[in-house]
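Everything on this sheet refers to the single structure shown next.
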Number of protein chains: 2
Amino acid sequence: MEQEHLQLRRHIEEISKLTEEEWEFIASHFHLRRLKKHHFLVQEGQKVDHEFWIVKGLVKSYAIDAKGKEHIMQFGMENYWVSDYPAFQFKREATMNVDCLEDSVFFSLSFNDRETICHQVPAMANFFRTKSNLGYINLQQRIMSLLTQTAEERYEEILQKMPHLIQRVPKRLLASFLGVSRETLSRL
Amino acid sequence: MEQEHLQLRRHIEEISKLTEEEWEFIASHFHLRRLKKHHFLVQEGQKVDHEFWIVKGLVKSYAIDAKGKEHIMQFGMENYWVSDYPAFQFKREATMNVDCLEDSVFFSLSFNDRETICHQVPAMANFFRTKSNLGYINLQQRIMSLLTQTAEERYEEILQKMPHLIQRVPKRLLASFLGVSRETLSRL
DNA sequence: AGCAAAAAGTGATATACATCACATCAAAAA
DNA sequence: TTTTTGATGTGATGTATATCACTTTTTGCT
């Protein structure tokens, strides 16, 4: 089995153990893709049929507001799941973009294939359930930090909690993720 | 079958159909509870063994910051799921509170029972998976609104999208949910 | 290496919003 | 009903952060 598939299997089995048969079935629905820096996994206005799991590299998902300003929803690095989830879930056109900050390798999984997998392999329903729960908790914490903390406190916290990410991301984008202007961030 | 259980079954079957046998098994793990206004479902510092599904009434989940200010994570009304999810998931002590804004009736479900249900009844793993996905999307949208919109825009939006909720919640709490001071909200 | 483009730093100024203080009004409790 | 408590409104003032304009530094191309 190739390196990338092994990595995916390990990621899943951290939460749900699989039989060989289940794994074969699951793996057959994931498709390996590669994109260079600056290329898009999801583009605003287009259909979003897939979610993505990053094998290697770094992407960002973000929306552009009325004034043309970019607001970052998520950074996706190794072993992260990314998409424009509202569009993915409701089969609508993307309102977000997802593009590569680094040359990236990732698996893509279609909505229908994910549903098939979850209904055929109960362990996978539980895997995605758990992942979604953890993502939910993560977003709750981000909301709390937006409600309770100053720009400076949020910056300090992310420096502590995601030191590896920080080194791969320009401060301009970090500022956007934290909801601060790049000038203010630069003065902290 | 009592009214409350019927309501719960309908709620689940909007997403996943159940056999009679499955339903009986599931229902046996939910416990009906009642609390008056101002009483707590979850209290900061205590263990959080349960999540709750509101049958009737209204609750809020919130954290208190260093300065004693209350920040609302969520309002939970009829058919909403509520808990201190970080504490619930990781079996830690609550950092949030959940209390009743109105006299309330709700089901409680323990973490272990939820896991049991999800592993015994695959349809329920898919039910909770879907619910969690929808919750995740909801939180993403809230984050985007915190990053991109002014206090006024956020207020207008919630007035439009949740008119029924607005009428049951004092503006003071709405302000806290939106991340604005009550004085500012009053001037919008 | 040499040049263009992007990132980061910094001063001056503007502004959305918070905070404080107090008045009014409505609703629950005694 | 009277009293108390909580909710709401509003002025005066303060402050964190945005915005604009420009410079310096770093990175990526050719």
Side-chain angles (χ1 to χ4, degrees), chain A residues 35-39 57-60 62-72 75 97 99-104 142-159 165-188, chain B residues 35-39 57-60 62-72 75 97 99-104 142-159 165-188:
Chain A
L35 279 179
K36 297 272 182 196
K37 192 169 171 174
H38 300 236
H39 288 71
L58 181 61
V59 306
K60 66 179 197 284
Y62 59 99
I64 309 282
D65 72 16
K67 292 173 191 155
K69 221 167 89 179
E70 177 176 313
H71 300 273
I72 295 189
F75 294 109
N97 296 282
D99 69 25
C100 298
L101 295 175
E102 301 173 358
D103 296 352
S104 299
R142 186 160 169 214
I143 286 171
M144 265 305 157
S145 93
L146 288 168
L147 294 180
T148 64
Q149 295 183 300
T150 65
E152 179 158 24
E153 290 166 338
R154 294 202 294 279
Y155 184 45
E156 307 265 280
E157 191 168 296
I158 207 174
L159 286 180
L165 178 70
I166 302 326
Q167 294 175 330
R168 297 166 72 178
V169 172
K171 291 196 180 156
R172 195 193 104 235
L173 297 181
L174 214 49
S176 160
F177 178 81
L178 295 174
V180 203
S181 70
R182 53 158 217 87
E183 293 94 331
T184 296
L185 191 84
S186 155
R187 284 184 252 256
L188 293 180
Chain B
L35 280 179
K36 297 271 184 197
K37 191 169 170 173
H38 298 304
H39 288 70
L58 181 61
V59 307
K60 65 179 198 285
Y62 59 99
I64 310 284
D65 71 17
K67 291 173 191 155
K69 221 167 89 179
E70 177 177 312
H71 300 274
I72 295 190
F75 292 109
N97 298 280
D99 69 24
C100 299
L101 295 175
E102 300 174 359
D103 296 352
S104 299
R142 186 160 168 214
I143 286 171
M144 265 306 158
S145 93
L146 288 169
L147 294 179
T148 64
Q149 295 183 298
T150 64
E152 179 157 26
E153 290 166 338
R154 294 202 293 280
Y155 185 45
E156 307 265 280
E157 191 168 296
I158 206 173
L159 286 180
L165 178 69
I166 301 328
Q167 293 174 330
R168 297 165 73 176
V169 172
K171 291 196 180 157
R172 194 193 105 236
L173 296 180
L174 214 49
S176 160
F177 178 82
L178 294 174
V180 203
S181 71
R182 54 157 216 87
E183 294 93 331
T184 296
L185 191 83
S186 156
R187 284 184 251 257
L188 294 181

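Each chain gets a letter, A, B and so on, in the order its sequence line appears, and its residues count up from 1.
Distance alone, capped at 3.5 Å, places no donor-acceptor pair between the A:S145 side chain and the A:R154 backbone. Without hydrogens or angle criteria, A:R182 side chain to A:A175 main chain gives no donor-acceptor distance under 3.5 Å. Under a 3.5 Å cut-off, the side chain of A:S104 and the backbone N or O of A:L35 do not form any donor-acceptor pair.
Applying side chain to side chain donor-acceptor pair (under 3.5 Å) to A:D99 and the options A:K60, A:H38, A:K37, A:H39 leaves one that passes, A:K60. Among A:F75, A:Y155, A:Y62, the single residue meeting the ring pair (Phe, Tyr, Trp, His ring centres under 6.0 Å) criterion with A:F177 is A:F75.
Between B:R168 and B:L101, the closest side-chain pair of non-hydrogen atoms is not below 4.5 Å. Between B:E183 and B:R187 there is a side-chain heavy-atom pair separated by less than 4.5 Å. At a threshold of 4.5 Å between non-hydrogen side-chain atoms, the residues A:L147 and B:L146 count as touching. Put simply, the side chain of A:L173 reaches to within 4.5 Å of the side chain of A:E70, judged on heavy atoms.
Distance CG/B:L185 to CG/B:L174: 6.0 Å, rounded to 0.5 Å.
B:L174 places its CG atom 13 Å from the C1' atom of D:dT8, with the value rounded to the nearest Å. In this entry the distance linking CG of B:D103 with P of C:dA28 reads 11 Å, nearest Å. Rounded to an integer number of Å, the gap from B:Q167 CD to D:dT8 P is 13 Å.
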Collect all protein-nucleotide pairs involving nucleotides 3-7 of chain C in which both atoms are nitrogen or oxygen and the distance is under 3.5 Å.
from	atom 1	to	atom 2	distance (Å)
C:dA7	OP1	A:R172	NH1	2.9
C:dA7	OP2	A:R172	NH1	2.7

Letter per nucleotide, 5' to 3', of nucleotides 25-30 of chain D [B base touched, S only sugar-phosphate touched, - untouched; heavy atoms, 4.0 Å]
------
B/S/- contact track for nucleotides 17-25 of chain C, protein heavy atom under 4.0 Å
SBBB-----
